[in-house]
Asks: 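Following this message is one structure expressed as structure tokens.
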Amino acid sequence: MTISFDPNPATVNGQKEMHELAVQHMRPWSRKYDVQEHDMPWEFVNPMWERATGKGGAKLDAGPGDGMVTVCVQTEELCWGDAGLYLRSPSPLLGGSAVAAAGTPEQREKFLSPFRSGKPKWGAMAITEPQAGSDAAAIQTTAVFDEATNEWVLNGTKIFCTAGDGALNYEGGIVVVWATVDKTAGRAGVKSFVVTAGTPGIKVVGCEKKLGIRASDTATLILENCRVPANHLLGKSEVKKSGGDQGFKGAMATFDASRPIVAAMAVGVGRAALDFLKEELERQGVTIRYDAPPAQQTAIERDVIDMEAELQATRLLTWRAAKMLDRGQRNNLEASQAKAKAGLAVTKITQKAVELLGPVGYSQKLLVEKWMRDAKINDIYEGTQQINQLIVARRILDYSSSVLR
Amino acid sequence: MTISFDPNPATVNGQKEMHELAVQHMRPWSRKYDVQEHDMPWEFVNPMWERATGKGGAKLDAGPGDGMVTVCVQTEELCWGDAGLYLRSPSPLLGGSAVAAAGTPEQREKFLSPFRSGKPKWGAMAITEPQAGSDAAAIQTTAVFDEATNEWVLNGTKIFCTAGDGALNYEGGIVVVWATVDKTAGRAGVKSFVVTAGTPGIKVVGCEKKLGIRASDTATLILENCRVPANHLLGKSEVKKSGGDQGFKGAMATFDASRPIVAAMAVGVGRAALDFLKEELERQGVTIRYDAPPAQQTAIERDVIDMEAELQATRLLTWRAAKMLDRGQRNNLEASQAKAKAGLAVTKITQKAVELLGPVGYSQKLLVEKWMRDAKINDIYEGTQQINQLIVARRILDYSSSVLR
Amino acid sequence: MIDFQPTDEQQLVIDTVRQFAQNEVRPQARDCDESKKLPEKVLEQAHELGLVANALPESAGGGGERSAVTGALVAEELAWGDLSIALAILSPGLTAYPIAEFGSDAQKQTLSAFTGSRFVPGSLAWVEPRFDSDPFRPQTTARRDGADYVLDGAKCFVPWLDGGGDVLVVASEGGAPQAFLVPRDAKGLAAEREKNMGILALPTAELTLTGVRVPAAARLGGDAGADLRRVLNQGRVALAAMAVGVARAAFEVARDYAKERIVFGVPVATKQAIAFKLADMSIEIDAARLLAWEAAWKLDQGQDATREALLAKRQAQRIVMEVTDGAVQVFGGHGYIRDYLPEMHLRNARGFASFEALALV
Amino acid sequence: MIDFQPTDEQQLVIDTVRQFAQNEVRPQARDCDESKKLPEKVLEQAHELGLVANALPESAGGGGERSAVTGALVAEELAWGDLSIALAILSPGLTAYPIAEFGSDAQKQTLSAFTGSRFVPGSLAWVEPRFDSDPFRPQTTARRDGADYVLDGAKCFVPWLDGGGDVLVVASEGGAPQAFLVPRDAKGLAAEREKNMGILALPTAELTLTGVRVPAAARLGGDAGADLRRVLNQGRVALAAMAVGVARAAFEVARDYAKERIVFGVPVATKQAIAFKLADMSIEIDAARLLAWEAAWKLDQGQDATREALLAKRQAQRIVMEVTDGAVQVFGGHGYIRDYLPEMHLRNARGFASFEALALV
């Protein structure tokens, strides 16, 4: 153990690779798929899939002991490329995280191995419902066990399902659906189920038109008597009414792993804007002096320096939360700290970048305005700013969710 | 009715007068009474008293239809001089406001007329208690009616009583004490009583050592079987348990009148810092360009311009709340808006002024550091930032205090 | 006397425009943004209200009642309805107001076009497509050449509605900005429809001026020229008021949504984090409005309002970002969706820091 | 490998200093501020811990274990206890560290004074009493005159503890900053005890140098000079870490107070407005600490850390203001009272924006 900011070689290599991918296969299509909102970006998907399946280069490989840090570094790089396209990566995404975290070895093999070969496929997680927001206890989608067929029968509506369209429309895709097996049990009754592409009874009824990350498909799903085999339930089926909501907490633990990644995504978008801003200012003859006293600074210099500090602060919080996972430490507090900071910081950084570039910043001729639109999602999904503040507050105050609401 | 920013002549005259007073009788003693924390600043009190009683010049006189606006303008000017000394003005202050708002004509004559002649005297209001904070319903000081003597008997401890020391130690002074006549009634049981200087059973046990406004005496009072005549009760003695807390609301209405004044005090301190900052920068050869485009601005220019906008925004909110009183309109929302904005704005403005002046700003050689310390009180007393946000939120959401807590 | 209440006449104007904004403008806002088209019928309806014409001289068939304060009141209400449509509705003023105030007699003859029965848009080209666009010192130049002026440079954010006549182009002449009436089909003038982050419904153009030649009489005010600083300040007041309008719109939808949206069993508005955010919004909106009014009032007094207009615009452009961003936040996931207004408010809000003279009071 | 966990040795140092700060420093903080005096016994106790001596060369009797990261860890913990006392405890490093790193052999001979049995303060004069004090380009000048240097100028925020020896004065020599060892009783050197808003317990002086003459050998590093930029960056990292320490102290007392303080029948910490404020504090404190560590780490790698040290200091000086101001706010009326810590934290916090090189790592 030591305090060190020296990424290990695997991390550096992973970063370089992803940077190249971002430059070659993302940036050139950024505007196209911002405009063609719901089209599948094959120019990006195909090379990404080839790479992921080992055909297009080395597989993403984490450095020893720095697995999650490396994932964060790579994620930053890809979202520096394009956050919307990143979310359309042919990969298990959050659905995969859930299976990896809560599934049995058999489930992991069954649902994740298809992502290693064949045609591009997608994974997704379906949690949010029209009336539930961030409140898992309010989930209305039901799962009823049919003993006759040994199947779970799912009914309900899910919104804001990232990559849901890809997951259900391409063979081998999976959607992890949160549903309650017992509404009277609140959170303890919430379980997650894997629904595979092609399963009857689940359908995409539309994709949201969004402020940003328009390349990403944010689907609304309807489940009508959607039947999945018993072994598609992740975790245990029993509902512990007393003794709390361990199952739910397990589900929530997925967020402890995903929030650093989401924070890294934010950092990537923020860095895209900041990098471009600095390059553009340089082209215009404006250099940032790091040794000018405050009384001599220009307003632009101070803004840029503050943006750099904020971005780096966010990145370090992100890496810290990731590193704790690598160490096997509980990072619930730190993951939410990183996520809360990341959403807000990159929202401000990208908004400021547009402002500092003046009229040209506001124009669609550049991508900066797009990055501002893309960035804002980080303040909203995977728990809004407020939800993450709430989690952090409960932890630092040692308050339960019933005391601090 | 029209939208106009042209102060009437009486307002302008009042401002000029107060400015002169501030320059002559406040600024020269600012540092002295910041250091000599609990001494009576006679150099300020005497000329102020002479002026207030008509001996030292024209009496403060509000312009027709602009009474509260004029009071705010004058208050700003005096607090531009020194907020700590201002709070030691020999005047009825908040105690007077309470008597004026809730007292009978006889009570007004009895308690306020001494403030028109004789020796300097002070008025105060005693609300806060060690355990109650901003929560009037939690007031523990009791008032019990003794039918035998037709007196109220007060018992309890009061803290944060501005000018309490002056009010009780100089003949003719008054302290308006909030006490409950029925603890089971909550807010509805809270009444206010006038205690005059020299009344047995009330004593000052100490004055707080404070961050700023050190010239102001912030007293802790103890009432032990302190007896006041029945007619020292302001308002009605009956407690309406059902039908709400009208008496309490009446008492709270005092704040609707006082908050614009407190906001004006804040504006005065903020302006002191901003005026000085601009003058000092000018002396150092730094001019603020109001026609430079953002890309050409220095960091100092932008800060100063933002400070000016914030200060003027605060001033206008303050005047609006005051003007509504002049019109006889209910200003509960607007008064809290002004107060909330004022506390925060001048806290930031004065903190920034110290920063922009660098090492010299941090030195006690200048008054800027003192103004920063003085300014912070505006974010705290007469309802903290949070209390005023709460009041504003309830009004704009149309929520009662039981819904939005 | 210090006062913050509109006159009875102004209150009538406010009520009328508010109703119009609510009934005619707001319902079109979302679709217009998506289709990037203006609702022509609404523009005609607005024209019938005489919002610009009322401010034009009686000699030109107008109401002769120009007031920057009234203009600010109107601008806020319209922008509350929708910013793009508001800018379109007020666009005649971009050409007509400067002519009415500073134009030569000959130029004033053209004003009656704006008081006729049909809506006629105007256009003013001020901002330049540079990160350091400087409204007081445009890089676009006007050079006197015999009986002509020759204009060179580039402009952006130029309202470019169908059916418009001359565009007023601001250019530096000897260091100071002056304005020139340029026909849309002038030789050397190229206009390209812009795509920006926001105000998508409003057709705006980026102009390139390459040796554009206009007669000397095309200079606003003729030989006397014009006080363009004053025009810029009128623009800043208008934009400040419009930013307040956008902010108020975002605040109101967020407030209403927060009261309706049930999360964890209670309306989210009952959460202090949301409620206090809304409280702060209300404070900042009111404060920004008062600053805009003060700058407008100063203009109406005929005084130099450079400082006040700057403060008002800066404050308004800052708070409209905070408020619209906050509104998206209050909406949560739905704030990110184009079915609701906040994301559009946010996109529109981001423009104010760069906008200049897109509307005048 | 990216890592954020101190080594076992560092953790031991942290634990030791934290305990010391809690048991010895914090209890004195309030009284020292009021009396404007340092607790001499505490300085001696701290000296016994060897916090500075451990970082000095073994040849001078030190521990030979200088590390900017470790220095940052120590600085945070001490400043958590009290900023004034922390600055006093670390003051020997102000003279000793630059000499150890850059001093001539002769200068290094003086280091043993700092590793003896008694606490010996050091002093470094860098900041200048101007609003635009520029640490990279001091206005104080050093002019070579024969075998001497002649120093002219003014300095402020100069730690000036009883019993100190030479003060290192930073002056521009040919445009670049260099440092000179000046005896406290040098002719032409006038020192006046300062009164500032905060760090009241720490004796600091404003120095006036009028033709102060020192031998050429008094220049830090002798003929070779010294890399003062590196020293400044070490100062920025130290100050960043100390700002984090002050912020953490304020956060913790505010958090504990909020849990204890009952208003309207519940702990104020259960109110979102307070709870979220505390959450934000915790986030910003942790982030600022990581920035300070990164800059420290870069210094330990022997790399130029100008940018990282600037970012770390700027961020820390900003957040320490937000956090301490927030702590006062959480305390409400009691936050304004000198019986509690937050108001002192706030006064101390305001200094960081102007402090430079008041401590080194």
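To find a chain, count down the sequence lines: A is the first, B the second, and so on, and within it residues start at 1.
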Asks: When you measure from the side chain of Tyr362(A) to the backbone of Gly198(C), do you find a donor-acceptor pair of N or O atoms at a distance under 3.5 Å?
Replies: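 Pair found, side chain donor or acceptor close to backbone of Gly198(C).
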
Asks: With side-chain contact (heavy atoms from CB on, under 4.5 Å) as the criterion, how do His334(C) and Ile159(A) come out once you've worked through the C-alpha distance, each side chain's angles and the decisive distance to 0.1 Å?
Replies: CA-CA 10 Å; His334(C) 295 99; Ile159(A) 59 172; 4.0 Å; yes

Asks: Considering only heavy atoms from C-beta outward, does the side chain of Leu200(C) approach that of Gln364(A) to under 4.5 Å?
Replies: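 With C-beta onward as the side chain, the pair touches.
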
Asks: Using the side chain to side chain contact (heavy atoms under 4.5 Å, CB included) definition, which of the options Met197(C), Arg338(C), Arg347(C) pairs with Leu211(A)?
Replies: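 Output: one option passes, namely Arg347(C).
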
Asks: Taking atom NZ of Lys259(C) as the centre, does the number of heavy atoms from other residues, nucleotides or ligands within less than 6.0 Å exceed 12?
Replies: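 More than 12 heavy atoms, drawn from other residues, nucleotides or ligands, come within 6.0 Å of this atom.
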
Asks: Heavy atoms only, distances under 4.5 angstrom: which of Val266(C), Leu346(C), Val268(C), Val127(C) has the most pairs with chain A? Name it, please.
Replies: Leu346(C)

Asks: Check whether Glu356(C) gets within reach of chain A through its side chain, its backbone, both or neither, counting any heavy atom under 4.5 Å.
Replies: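 Interface part for Glu356(C): neither.
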
Asks: First locate atom CD of Glu355(A), then atom CZ of Arg318(C), and finally report the distance between them rounded to the nearest 0.5 Å.
Replies: 11.0 Å

Asks: With a 4.5 angstrom heavy-atom cut-off, which part of Met344(C) approaches chain A: side chain, backbone, both or neither?
Replies: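 For Met344(C), neither part sits under 4.5 Å from chain A.
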
Asks: Does a side-chain heavy-atom distance below 4.5 Å link Lys209(A) with Ile337(C)?
Replies: no

Asks: Side-chain contact, heavy-atom cut-off 4.5 Å: Asn196(C) with Glu369(A)?
Replies: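 No. Closest side-chain heavy atoms not under 4.5 Å.
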
Asks: Please name the pair of heavy atoms, one in Thr384(A) and one in Gln329(C), separated by the smallest distance, quoted to 0.1 Å.
Replies: CB-NE2, 4.1 Å

Asks: Which value, rounded to the nearest 0.5 Å, describes the distance between Asp132(C) atom CG and Leu356(A) atom CG?
Replies: 12.0 Å

Asks: Please flag which part of Leu366(A) lies under 4.5 Å from any non-hydrogen atom of chain C: side chain, backbone, both or neither.
Replies: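 For Leu366(A), there is no contact with chain C at all, as no heavy atom is under 4.5 Å.
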
Asks: What part of Glu206(C) gets closer than 4.5 Å to chain A, counting heavy atoms only: side chain, backbone, both or neither?
Replies: side chain

Asks: Could you tell me which of Val360(A), Leu390(A), Ile377(A) has the largest number of non-hydrogen atom pairs under 4.5 Å with chain C?
Replies: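 With the most close heavy-atom pairs to chain C, the winner is Ile377(A).
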
Asks: Quick one: what part of Thr347(A) sits under 4.5 Å from any heavy atom of chain C, side chain, backbone, both or neither?
Replies: side chain

Asks: I'd like to know if the side chain of Glu194(C) reaches the main chain of Ser363(A), judged simply by a donor and an acceptor atom lying under 3.5 Å from each other, with no hydrogens or angles considered.
Replies: no

Asks: By a 4.5 Å heavy-atom criterion (distance strictly below it), what part of Arg214(A) contacts chain C: side chain, backbone, both, or neither?
Replies: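 For Arg214(A), side-chain heavy atoms alone lie under 4.5 Å from chain C.
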
Asks: Heavy-atom count around Gln284(A) CD within 6.0 Å, excluding the residue itself: above 12?
Replies: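 Yes, the 6.0 Å shell around CD holds more than 12 heavy atoms from other groups.
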
Asks: Under 4.5 Å between any side-chain heavy atoms of Lys271(C) and Gln386(A), yes or no?
Replies: no

Asks: Is it true that Asp325(C) and Lys376(A) have a side-chain N and a carboxylate O under 4.0 angstrom from each other?
Replies: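 Lys376(A) and Asp325(C): salt-bridged.
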
Asks: Please indicate whether Lys278(A) has more than 12 foreign heavy atoms, meaning atoms of other residues, nucleotides or ligands, lying under 6.0 Å from its NZ.
Replies: yes

Asks: Sort Phe331(C) into side chain, backbone, both or neither according to what part of it lies under 4.5 angstrom from a heavy atom of chain A.
Replies: neither

Asks: Looking at Cys156(C) and Pro359(A), what are the two nearest heavy atoms and their distance?
Replies: SG-CB, 3.6 Å

Asks: Can you tell which part of Tyr336(C) gets under 4.5 Å to a heavy atom of chain A, answering side chain, backbone, both or neither?
Replies: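 Both backbone and side chain of Tyr336(C) come within 4.5 Å of chain A.
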
Asks: Output the option from Gln385(A), Arg405(A), Gln351(A) having the highest count of non-hydrogen pairs under 4.5 Å with chain C.
Replies: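 Going by pairs under 4.5 Å, I would pick Gln351(A).
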
